[in-house]
Amino acid sequence: MTVRTRFAPSPTGYLHIGGARTALFNYLFARHHGGKFILRIEDTDLERSTEESTQAIFDGMDWLEMDYDEGPFYQSKRSDLYREAALKLLDKGLAYKCFCTAKELTERREAAMKEGRAPRYDRRCRDIKDAGEQEGAPYTVRFRIPEGKTIFKDLIKGPIAIEHVEIEDLVMLRSDGTATYNLTVVVDDATMNITHVIRGDDHINNTPKQILMYEALGYDLPEFAHLPMILGSDKKRLSKRHGAGSVTEYHDLGYLSHALINYLARLGWSHGDDEIFSMEELIEKFSLDSVGKSSGVFNPEKLLWLNHHYIKTSTAKELSADIIERLKKTGVTVEEGSRIEAIIDGEKERSKTLIEMVEAIGFYFKDKVEYEEKPAKKFLKPEKALAPLEALREALADIDDSSFDATQIESAFQGLLDKFELKLGKLAQPVRVALTGTSVSPGIFETIEAMGKDMTIDRLTEAISYMKALPPSAE
RNA sequence: GUCCCCAUCGUCUAGUCUGGCCAAGGACACCGCCCUUUCACGGCGGCGACGGGGGUUCAAAUCCCCCUGGGGACGCCA
């Protein structure tokens, strides 16, 4: 039997961290077993479902590169199927009509809560004989929960038993005739031949209800696997409060999609002491046996570390399109090619996000350098830096345009160090400030190479003028 | 309130099923040192946990029970 899993979000918001991990585990499990992964949009709640949310979910799936084999299916287009199933149960006496109004139910529930009783439906319409009298009145269809208890073996949590007295006779069809979640899920998972239902453990309590419905409808049961929740740093269920909500927001924040994938995979699942996994490795190694039972706290620091790791190990070529796009948004137009790649290579090891990288390389594209106050004051001192910088400008000008590379630049530096009897740091820092405006940048030779001869000389000239214009120092 | 689930460093986790190899390993974060033209990267080291109590056993992080703590569910939401 081929494995078939599904991700079934309701389009009432974007694809968030928790949903993305559920999708990922379904995806990995299906791929690992050479099965199918299906996307289903659970949009039976017309009030809250929106097209924007549906699109946001697609965007998230796309960004994370989780491709699905079938779907997207929309529950809103399958209402006949659900209705048919509900009517069948009604016919067989496994479901019944309930004439209680929503208002009555809410009142009773609140009263029960207040008195410390279980806020469960009291089954008052279960056996009414005079249903005929109610003819014409709106009603819902409720599933008749039988006596006994349900035990199922969860692939992650192990055996779980729930007494039926704890389960209420749930509404399957609303008074407007539309189906509710527990019915749609069962009908869809059964008719789509889902073999493994992998979802958040907030659904554990729904599982016995659904198993009972599978049985009532005569369907074969799938396997169930309930994933532990992801919590925020306050140990509360993860929400927007804890940082970015939508996964695509992480793209905007400069994260690589694979960093998020790797992070999400390791939150709740492990493979010995390994931390870094390519998608291929995840597919190869993923197993529900290695999924933990306890909930995990979302740790942005570790995500950041992974992001940094993947930036470091990406090639400049791989990053360049994204970086160029981001530069464009800051008003800088750059062509693809070796120059931007050299710039990216210089910055890869020190940028934890692509946003940081764009900020860090901004100096290459500005018309004029803006000196930060502290470094300028410290390093652009005429009495120390003026002569070396002037000499450097000449030495660099002497290098042939075609061989203006780090090696040539380094030997130009070396000549000056000997002449002025300076250590490299004493020369590199003033140069760095002159070129970048800050005291922090990649290696100075690489920076000069990436900047190019003309711009380097222009900026050295600017720094020289700047120092000359300075009032005489008291030192 | 009732039911369900869970419990190893601050966090993610290995180890738990199949008790001894665990005076508990790795990773993130943090701290220190080294490398060094700055910042990073990297290297080395440090800090730091089996929630508590009872059992079972020659032996318990590992098995059992209770307590505590945390999470979840109880909708004409999904």
Side-chain angles (χ1 to χ4, degrees), chain A residues 8-12 42-45 47-49 75 98 100-102 105-106 109 112-121 138-142 154 156-158 160-163 165-168 170-176 178-182 184-185 200-208 226 228-229 231 233 235-237 263 266-276 289-290 292-306 308 312 347-352 360 375 379 413 417 423-429 431-433 436 438-445 447:
Chain A
S10 62
T12 53
E42 307 216 326
D43 55 352
T44 53
D45 184 352
E47 303 272 304
R48 298 196 302 153
S49 300
Q75 291 192 323
C98 170
C100 300
T101 66
L105 292 169
T106 310
R109 190 160 39 240
M113 283 283 221
K114 216 169 169 183
E115 293 166 31
R117 287 182 289 117
R120 204 173 298 133
Y121 175 61
Y139 60 86
T140 60
V141 176
R142 285 185 185 271
D154 190 275
I156 291 169
K157 307 270 186 178
I160 295 175
I162 295 182
E163 300 282 348
V165 291
E166 299 297 338
I167 309 174
E168 79 169 2
L170 60 278
V171 170
M172 297 191 302
L173 286 187
R174 303 184 181 97
S175 51
D176 65 0
T178 60
T180 63
Y181 168 75
N182 280 294
T184 62
V185 147
D201 70 9
D202 48 339
H203 283 293
I204 285 183
N205 293 283
N206 284 325
T207 306
H226 287 98
M229 299 270 92
L231 310 178
S233 51
K235 298 270 179 106
K236 297 289 179 200
R237 197 176 175 150
Y263 178 72
R266 275 289 287 103
L267 215 192
W269 172 82
S270 62
H271 186 269
D273 288 336
D274 299 345
E275 296 288 349
I276 306 296
D289 297 338
S290 305
K293 293 178 175 184
S294 51
S295 49
V297 173
F298 182 76
N299 181 197
E301 300 288 337
K302 190 151 186 180
L303 207 209
L304 197 59
W305 171 74
L306 276 163
H308 191 194
K312 275 185 298 186
E347 200 54 50
K348 272 186 345 189
E349 302 216 321
R350 53 211 101 215
S351 297
K352 292 188 174 178
F379 296 112
F413 264 72
L417 296 183
K423 290 188 74 175
L424 181 52
K426 295 286 179 193
L427 180 56
Q429 281 307 78
V431 173
R432 198 182 312 277
V433 178
T436 72
T438 77
S439 57
V440 173
S441 89
I444 196 66
F445 310 132
T447 302

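Chain naming here is simple, since letters A, B, ... match the order of the sequence lines and numbering starts at 1 in each. From a predicted model like this one, the values you see are computed outputs, not experimental measurements.
- Comparing B/rA27, B/rC76, B/rU11 by their nearest atom to the side chain of A/V297 picks out B/rU11.
- Pair assignment for B/rC58 gives B/rG20, based on Watson-Crick or G-U wobble hydrogen-bonding distances that are each under 3.5 Å.
- Within the nucleic acid shown, A/A161 comes within 4.0 Å of sugar-phosphate atoms alone, with no base atom in reach, counting heavy atoms only.
- Look at A/R48 and you won't find any side-chain N or O under 4.0 angstrom from OP1 or OP2 of B/rC76.
- Cation-pi geometry between A/R432 and A/F379 is not met at under 6.0 angstrom from the ring centre and within 45 degrees of the axis.
- With rounding to whole Å, A/D202 atom CG is found 12 Å from B/rC77 atom C1'.
- Nucleic acid contact class of A/L105 (heavy atoms, under 4.0 Å, all strands): base.
- The base of B/rG25 lies close enough to the side chain of A/D273 for a donor and an acceptor atom to sit less than 3.5 Å apart.
- Map A/N299 and A/I204 each onto its nearest nucleotide of RNA chain B; the residue landing nearer the 5' end is A/I204.
- One atom, CH2 of A/W269, and another, P of B/rG26, lie 20 Å apart when rounded to the nearest Å.
- Using a 4.0 Å cut-off, no side-chain N or O of A/S441 falls inside it from OP1 or OP2 of B/rU38.
- Distances were taken from every side-chain heavy atom of A/K157 (C-beta onward) to each of B/rU37, B/rC5, B/rA78; the shortest belongs to B/rC5.
- Between the CZ atom of A/R237 and the P atom of B/rG72 there is a distance of 6 Å, given to the nearest Å.
- Here B/rC6 is in the anti range [glycosidic angle more than 90° from 0].
- Contact annotation for A/S439: base contact, defined as any heavy-atom pair under 4.0 Å involving a base atom.
- Between A/R266 atom CZ and A/E275 atom CD the span is 4.5 Å, to the nearest 0.5 Å.
- Residue side chain A/R350 reaches the base of B/rC39 through a donor-acceptor N/O pair under 3.5 Å, judged by distance alone.
- Here the shortest heavy-atom pairing between A/A179 and A/T184 reads CB-CG2, 3.6 Å.
- Within 4.0 Å (heavy atoms only), A/E275 reaches at least one base atom of the nucleic acid.
- Nucleotide B/rG1 is matched to B/rC74 when pairs are restricted to Watson-Crick or G-U wobble geometry with both distances under 3.5 angstrom.
- At the phosphate of B/rG71, OP1 or OP2 sits under 4.0 Å from a side-chain N or O atom of A/K236.
- Distances shown here put a side-chain N or O of A/R142 below 4.0 Å from the OP1 or OP2 atom of B/rC76.
- Using a 4.0 Å heavy-atom cutoff across all strands shown, A/E168 reaches sugar-phosphate atoms only and no base atom.
- Per the geometry, CG belonging to A/N205 stands 7 Å off P belonging to B/rC74, to the nearest Å.
- No contact: A/C98 has no heavy atom under 4.0 Å from any strand.
- Counting any heavy atom pair closer than 4.0 Å across all strands shown, A/P375 reaches no nucleic acid atom.
- Within 4.0 Å (heavy atoms only), A/F445 reaches at least one base atom of the nucleic acid.
- Atom-to-atom, CD1 of A/I160 to P of B/rG71 comes out at 19 Å; the value is rounded to the nearest Å.
- In this entry B/rC28 has B/rG10 as its Watson-Crick or G-U wobble partner, both defining distances falling under 3.5 Å.
- Between A/S294 and B/rG71 there is no side-chain N or O to OP1 or OP2 distance below 4.0 Å.
- Contact of the A/I160 side chain with the A/T207 side chain is not registered, since no non-hydrogen atoms from C-beta on lie closer than 4.5 Å.
- The distance between atom CE of A/M172 and atom P of B/rG75, rounded to the nearest whole Å, is 17 Å.
- If you take CG of A/L304 and C1' of B/rC30, they are 15 Å apart, rounded to a whole angstrom.
- Residues A/N299 and A/Y263 form a side-chain contact, since some pair of their non-hydrogen atoms from C-beta on lies under 4.5 Å apart.
- Residue A/T44 is in sugar-phosphate contact alone, with no base atom involved, counting any heavy-atom pair closer than 4.0 Å across all strands shown.
- Distances shorter than 4.0 Å separate none of the side-chain N or O atoms of A/K302 from OP1 or OP2 on B/rU13.
- Nucleic acid contact class of A/G292 (heavy atoms, under 4.0 Å, all strands): none.
- At a threshold of 4.0 angstrom between heavy atoms, the contacts of A/H203 include nucleobase atoms, whether or not backbone atoms are also involved.
- Nucleotides B/rC47 and B/rC9, compared at atom C1', are 10 Å apart to the nearest Å.
- Here A/K348 lies out of heavy-atom contact (under 4.0 Å) with every strand.
- Base pairing annotation: B/rC39 forms no Watson-Crick or G-U wobble pair, as no partner gives both donor-acceptor distances under 3.5 Å.
- Taking side-chain N and O atoms only, A/K235 has no distance below 4.0 Å to OP1 or OP2 of B/rG71.
- Going from atom CD of A/E166 over to atom P of B/rC5 covers 12 Å, rounded to whole Å.
- In this structure, A/N206 reaches the bases: a heavy-atom distance under 4.0 Å links it to at least one base atom across the strands shown.
- Among the heavy atoms of the strands lying under 4.0 Å from A/I444 is at least one base atom, whether or not backbone atoms are also near.
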